[in-house]
2 protein chains.
Amino acid sequence: MSLRYALLALLTSRPMTGYDLSKHFSQSVAHVWYAPDSQIYPELNRMERDGLVDSETVPWGPKGTKKEYRITDAGTAAFQEWINEPLVIRRQRDPAYLKSAYLEWADPDAARAQLRQHLEYWSGHLQLLKESRQSLIDHTHPTLQYRLKKFPEEEHDRIVRYKVFAYDGLIDNASAEVRWARKGLALIDELEGEST
Amino acid sequence: MSLRYALLALLTSRPMTGYDLSKHFSQSVAHVWYAPDSQIYPELNRMERDGLVDSETVPWGPKGTKKEYRITDAGTAAFQEWINEPLVIRRQRDPAYLKSAYLEWADPDAARAQLRQHLEYWSGHLQLLKESRQSLIDHTHPTLQYRLKKFPEEEHDRIVRYKVFAYDGLIDNASAEVRWARKGLALIDELEGEST
DNA sequence: CGTCACTACCTATGGAGATAGGGAGTCCCG
DNA sequence: CGGGACTCCCTATCTCCATAGGTAGTGACG
């Protein structure tokens, strides 16, 4: 059910089409949550049925139209209720760690390739997270700008600091992954001899 | 499909019943992978159908029987093939971070309760991880003992070090979560005033 | 006027995972 | 010998999520 609230969260900043939301989920917000459009469109329909969002059909070009979704009061209330609810603890289940616990069965070069892959993915991710964090701090983050307009100036610092806090956690996690992969590569070199 | 390989991984140490495997998944191995028995039993049946495991019905008490699963050569081969395959990168998707990015909408006490919950969960988890890591190092880890018996002495250090490496990564992650939760609690105190 | 990247919206399908049960046997303790 | 905790095996159901498609309009470029 988190997808629903992730959508509501985005819609608290401004009205958007399903396509806009989908873009966000595969770009900036993807650090916090991700969903393909095949999940988003049906969910938006359900949310409209449940009265959490309103849709307005707006013209787009000579013949086309698009549906812009706007959060309703009921939607805002539902979002706020969710944010105050106790956490649902998610078991973390990463195949990378499962594999790493049995690396003695692996071909050293395959193991190296995997750790390099892990390193590459998390380094890139870390870079993006750092850039997003910075764009929050200097208020160049696009969604943040829409969001801040809805709040008085004296609230801005508070809003930004919570978001930076979230990114700090994500950055710490990503850094740990990068460190871990590097350590693994060194370990393989030590136990199996230098790479070929 | 990771469940299948997690099961094979455990069965490389010794034959087990579905119940044994289920116990492992909710106890020691739960740090790396988790599955409820409702997933395990059907998967074992499919694995037997696919020839990755053999089952032997052994008597248990006067009337009862139990089915002990043993990995086959085909199973070992499949496991090894999997371990050498490139990683399937998993997007991390933790509702705790989604919520934390919108904490300005939350009631401060609810936010505090959530972070305390996060802190408690990860502190406990961290403790368990550290204990498991130690039991690997001093060879008191139960599954490890079975596993080492199957390998010559000179391999033991290598096997243990890979497992410790996996745990080191998990411990680093859990530590990051603990740090993050503490930082969040301090942030709320700073922004909203001390807790009531 | 064609084509190409992009915007916009949607469906089908299947696997994974969580939750919630059921039913039968064992073993020990009081 | 009865009750309770535990062992053992299994099914049903529902949500989530990923993958892989499909259709139609837009706007810019050559």
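In what follows, chains carry the letters A, B, and so on, assigned in the order in which the sequence lines appear, proteins first and then strands, with residues in each chain numbered from 1.
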Exercise. Any cation-pi pair here, Lys163(B) with Tyr102(A), using under 6.0 Å and within 45°?
Worked result: yes
For this session: Test Thr143(A) against His24(A) for side chain to side chain donor-acceptor pair (under 3.5 Å), laying out the working first.
Result: CA-CA 9 Å; Thr143(A) 311; His24(A) 277 83; 3.2 Å; yes
Exercise. Starting at CD1 of Ile89(B) and ending at C1' of dC17(D), how long is that distance when rounded to a whole Å?
Worked result: 18 Å
Problem set entry | Nearest-nucleotide comparison on DNA chain D, the residue closer to the 5′ end among Pro62(A) and Thr65(B) | Thr65(B)
Close N/O contacts between protein and nucleotides 4-7 of chain C (under 3.5 Å):
from, atom 1, to, atom 2, distance (Å)
dT7(C), OP2, Tyr19(A), OH, 2.7
dT7(C), OP2, Lys23(A), NZ, 3.2
dT7(C), O5', Tyr19(A), OH, 3.4

For this session: Mind calculating the distance between CG (Leu3(B)) and P (dG15(C)) to the nearest angstrom?
Result: 14 Å
Exercise. Between Asp20(A) and Lys63(B), who's closer to the 5' end of DNA chain C by nearest nucleotide?
Worked result: Asp20(A)
Exercise. Atom CZ of Arg91(A) and atom P of dC16(D): how far apart are they, to the nearest Å?
Worked result: 18 Å
Exercise. Just checking, is any N or O donor in the side chain of Ser55(A) or Glu48(A) under 3.5 Å from an acceptor N or O on the other one?
Worked result: yes
For this session: List the steps and the verdict of side-chain contact (heavy atoms from CB on, under 4.5 Å) for Asp168(A) and Val164(A).
Result: CA-CA 6 Å; Asp168(A) 282 343; Val164(A) 170; 3.8 Å; yes
For this session: Send over the distance from Met16(A) CE to dA8(C) C1', rounded to a whole Å.
Result: 16 Å
Per-pair distances, 0.1 Å, donor-acceptor, side chain in residues 73-88 of chain B, under 3.5 Å, sequence neighbours excluded:
from, atom 1, to, atom 2, distance (Å)
Thr76(B), OG1, Thr72(B), O, 3.1
Asn84(B), OD1, Asp107(A), N, 2.7
Asn84(B), ND2, Gln80(B), O, 3.2

Problem set entry | Sorted by number, the residues of residues 37-49 of chain A with heavy-atom contact under 4.0 Å to DNA chain D | Ser38(A), Gln39(A)
Would you tabulate the side-chain donor-acceptor contacts of residues 29-41 of chain A under 3.5 Å, counting partners in other chains and residues two or more places apart, or write 'none'?
from, atom 1, to, atom 2, distance (Å)
His31(A), ND1, Ser28(A), O, 2.8
His31(A), ND1, Tyr167(A), OH, 3.3
Tyr41(A), OH, Tyr19(A), N, 3.3

Problem set entry | Upstream residue (5' side of DNA chain D) when Ala35(A) and Gly61(A) are each assigned their closest nucleotide | Ala35(A)
Problem set entry | Rounded distance (Å) that lies between atom C1' of dT7(D) and atom CD of Glu68(B) | 14 Å
For this session: Check whether NZ of the Lys or CZ of the Arg Lys23(B) lies under 6.0 Å from the centre of the six-membered ring of Phe25(B) and within 45 degrees of that ring's axis.
Result: no
Sub-3.5 Å pairs of nitrogen or oxygen atoms, protein against nucleotides 28-30 of chain C:
none

For this session: To the nearest Å, give me how far apart CZ (Arg4(A)) and P (dC16(D)) are.
Result: 9 Å
For this session: Among dC17(D), dA18(C), dC10(D), find the nucleotide with the atom closest to the side chain of Lys67(B).
Result: dC10(D)
Problem set entry | Lys/Arg-Asp/Glu bridge criterion (N-O < 4.0 Å) met for Glu43(B), Arg4(B) | yes
Seminar exercise, completed: Taken in chain and number order and not counting sequence neighbours, the residues that satisfy side chain to side chain donor-acceptor pair (under 3.5 Å) with Thr57(B) are none
Exercise. Could you give the CZ-to-P distance, from Arg93(B) to dA16(C), as a whole number of Å?
Worked result: 16 Å
Problem set entry | NZ/NE/NH1/NH2 to OD/OE distance under 4.0 Å, Arg158(B) and Glu192(A) | yes
Exercise. Taking 4.0 angstrom as the limit, do Arg161(A) and Glu104(B) come out as a salt bridge?
Worked result: no
